[in-house]
2 protein chains.
Amino acid sequence: MRADARRNYERLLAEARAAFAESGVEASLEDIARRAGVGIGTLYRHFPTRDALLEALLRDGFDALAAQARDAPATREALAAWALAVMESSTAYRGLTTAFVTTLRDESTELYASCKAMNAAGTDLLSRAQQAGGIRPDVEAPEFLTMVYGIAWADEQTRGGRTERLLNLLLDGLRPI
Amino acid sequence: MRADARRNYERLLAEARAAFAESGVEASLEDIARRAGVGIGTLYRHFPTRDALLEALLRDGFDALAAQARDAPATREALAAWALAVMESSTAYRGLTTAFVTTLRDESTELYASCKAMNAAGTDLLSRAQQAGGIRPDVEAPEFLTMVYGIAWADEQTRGGRTERLLNLLLDGLRPI
DNA sequence: TCCCAAGCGGAGTCTGCCTCCGCTTATCCT
DNA sequence: AGGATAAGCGGAGGCAGACTCCGCTTGGGA
């Protein structure tokens with residue numbers, strides 16, 4: 001990669017992070033390019049889609065969450081802590097949860113691949129917690145993840161700031177009967 | 001209201017219903033006007049915002065849901081049935097749940113007013129069910145509604161078709177401890 | 001130093017939102 | 001019936017943002 005290309009790539013990432021933090025994931029791409037001091041064509045060459053840009057920003061966080069799930073003990077508390085971390089990272093930028101969930105339908109994207117490893121680790125943690133008796137055994141991982149993402153989204157939208165409380169209500173209720 | 005105005009109003013509503021059903025609530029308004037055989041200006045005169053159009057389409061359903069909540073007995077089962085009906089109506093068009101929840105933040109819209117009566121009736125039903133011992137008493141209505149809408153949204157997005165199952169998991173878990 | 005492919009950038013196209021205002025016509029009045 | 005008039009119409013036009021295309025520039029190897 002040529003030095004100027006690398007430089008532009010980095011600047012774009014930095015400005016994208018700032019713009020997303022400020023205006024949410026729907027921030028104008030033309031604006032990001034302008035702020036980075038490059039043409040819009042350059043942005044599109046490095047990141048062909050908005051999702052590609054998001055993925056580059058979020059990859060490290062996903063990896064960390066996957067690792068957290070793998071290292072966690074098989075308890076309801078650990079599952080709750082992991083889910084809370086997922087919810088918090090999915091609300092890092094306004095609209096992120098929506099981007100996640102809609103992208104998770106399209107298996108061809110980079111963002112999907114990144115998310116998938118994290119969700120797989122979460123799936124494993126759930127099933128370990130179930131075997132250890134912390135969670136009722138009939139709940140399936142996609143059901144659990146759907147509820148977690150849904151609650152994160154709704155709390156973000158209503159600006160509730162109740163993520164942890166809602167997650168606790170949910171997990172309390174998923175105890176074995 | 002002049003006869004031609006009334007006619008246009010009705011045609012716009014009919015075409016909007018069709019377009020939303022087909023393409024989701026983000027369907028192009030210019031397209032709806034075109035299909036109704038009127039100018040875009042006419043659409044905007046009758047329905048100044050997309051929400052106004054949605055509200056006109058959904059009002060009757062909201063009223064019915066409010067009535068259902070008022071007439072329901074104070075049981076967990078009745079609350080579940082009402083919540084399921086809410087979830088189903090909020091997924092009548094693709095993207096509707098999002099429109100609901102984001103609009104519920106803006107108290108000045110018509111859609112807000114319509115939704116509010118329905119949510120108020122649901123709030124009352126929840127509190128009756130709590131008094132009757134069917135639901136744990138520390139859950140507050142906004143928390144409950146947030147979770148219900150969130151789950152409806154996530155299930156719609158993932159095309160899960162598990163709305164009822166997820167709602168049952170949630171309400172099972174909200175039994176008094 | 002020269003060369004050329006990697007890389008740049010922005011003009012141009014497209015789509016959709018929304019406003020504004022000159023024209024049309026339904027309806028009322030005589 | 002026919003004229004007056006305000007209610008209603010409609011689309012041109014301005015704006016914003018996504019995305020493409022291609023002629024120009026330049027980093028860096030030979």
Side-chain angles (χ1 to χ4, degrees), chain A residues 1-57 93-96 98-99 102-103 106 108-111, chain B residues 1-57 93-96 98-99 102-103 106 108-111:
Chain A
M1 200 178 205
R2 249 164 63 169
D4 53 346
R6 160 116 267 139
R7 205 160 48 234
N8 285 335
Y9 181 92
E10 301 296 349
R11 293 206 60 186
L12 281 167
L13 270 190
E15 291 302 332
R17 184 175 286 114
F20 289 161
E22 202 174 294
S23 324
V25 295
E26 298 300 329
S28 157
L29 297 180
E30 310 217 315
D31 206 47
I32 291 172
R34 203 156 31 236
R35 286 162 64 162
V38 305
I40 185 66
T42 299
L43 185 149
Y44 275 95
R45 196 166 337 93
H46 286 297
F47 307 102
T49 65
R50 187 181 293 272
D51 276 351
L53 189 47
L54 267 179
E55 197 272 335
L57 283 177
Y93 310 126
R94 213 163 353 109
L96 229 201
T98 306
T102 56
T103 310
D106 180 359
S108 69
T109 64
E110 291 285 318
L111 192 51
Chain B
M1 201 179 206
R2 251 164 63 168
D4 54 347
R6 159 118 267 136
R7 206 161 46 234
N8 285 335
Y9 181 91
E10 302 295 349
R11 292 208 59 187
L12 280 167
L13 270 191
E15 292 301 333
R17 183 175 288 114
F20 288 162
E22 202 174 294
S23 324
V25 296
E26 298 300 330
S28 155
L29 296 181
E30 308 218 315
D31 204 48
I32 291 172
R34 204 157 29 234
R35 286 162 64 162
V38 305
I40 185 66
T42 300
L43 184 150
Y44 275 95
R45 197 167 335 93
H46 286 297
F47 307 102
T49 64
R50 187 181 293 272
D51 276 350
L53 188 48
L54 267 179
E55 197 273 334
L57 283 176
Y93 310 126
R94 210 157 1 104
L96 229 201
T98 307
T102 56
T103 313
D106 179 359
S108 68
T109 64
E110 291 285 319
L111 192 52

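Sequence lines set the chain letters: A, B, ... in the order given, protein chains first and strands last, and positions in each chain run from 1.
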* **First and last nucleotide of DNA chain C, 5' to 3', lying under 4.0 Å from heavy atoms of chain A** =>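 Listing 5' to 3', DNA chain C meets chain A from dA6(C) to dA11(C).
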* Between R94(A) and E26(A), is there a donor-acceptor pair closer than 3.5 Å when you use the side chain of the first and the backbone of the second? ->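 Judged by distance alone, no pair lies under 3.5 Å.
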* Could you tell me which non-hydrogen atom of A19(A) sits nearest to which non-hydrogen atom of A27(A), and how far apart they are? =>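 Reported closest heavy-atom pair: O-CB, 3.9 Å.
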* Of all pairs that satisfy ring-ring contact (aromatic ring centres under 6.0 Å, His included), the ones with a partner from residues 7-37 of chain A, not counting sequence neighbours ->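 For residues 7-37 of chain A, and leaving out neighbouring residues, the ring-ring contact (aromatic ring centres under 6.0 Å, His included) pairs sorted by first residue read Y9(A)-H46(A), Y9(A)-F47(A), F20(A)-Y93(A).
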* To do: Return each pair, listed once, that meets ring-ring contact (aromatic ring centres under 6.0 Å, His included) where at least one residue sits in residues 25-45 of chain A; pairs must be two or more places apart or across chains.
  =>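 ring-ring contact (aromatic ring centres under 6.0 Å, His included) check on residues 25-45 of chain A returns no pairs.
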* **Side-chain heavy atoms of L29(A) within contact of R50(A), under 4.5 Å** =>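 Result yes, sub-4.5 Å side-chain heavy-atom pair found.
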* Side chain to side chain, V25(A) and T98(A), heavy atoms closer than 4.5 Å ->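 The answer is no, as the side chains (C-beta and beyond) never meet within the 4.5 Å cut-off.
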* Asked: What are the residues of residues 39-47 of chain A, sorted by number, that bring a heavy atom to within less than 4.0 Å of DNA chain C?
  ->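 Correct list: G39(A), I40(A), G41(A), T42(A), R45(A), H46(A).
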* Of residues 4-35 of chain A, the positions that come close to DNA chain C - non-hydrogen atoms, cut-off under 4.0 Å ->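 Within this stretch, D4(A), A5(A), N8(A) sit under 4.0 Å of the strand.
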* To do: Inspect the contact between D31(A) and R34(A) and indicate whether a charged nitrogen and a carboxylate oxygen are less than 4.0 angstrom apart.
  =>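 The answer is yes: the pair qualifies as a salt bridge.
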* To do: Using side chain to side chain donor-acceptor pair (under 3.5 Å) as the criterion, list what pairs up with D51(A), not counting sequence neighbours.
  =>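 Partners of D51(A) by the side chain to side chain donor-acceptor pair (under 3.5 Å) criterion, ordered by chain and then number, come out as T103(A).
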* Asked: Once you round to the nearest 0.5 Å, how far does CZ of R45(A) lie from CD1 of I40(A)?
  ->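 If we round to the nearest 0.5 Å, R45(A):CZ and I40(A):CD1 are 11.0 Å apart.
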* Asked: In Å and rounded to the nearest 0.5 Å, what is the CD to CG distance from E110(A) to L53(A)?
  ->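 The CD atom of E110(A) sits 12.5 Å away from the CG atom of L53(A).
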* Asked: Closer to the 5' end of DNA chain C via nearest nucleotide, is it A3(B) or R50(B)?
  ->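 Its nearest nucleotide being more 5', the pick is R50(B).
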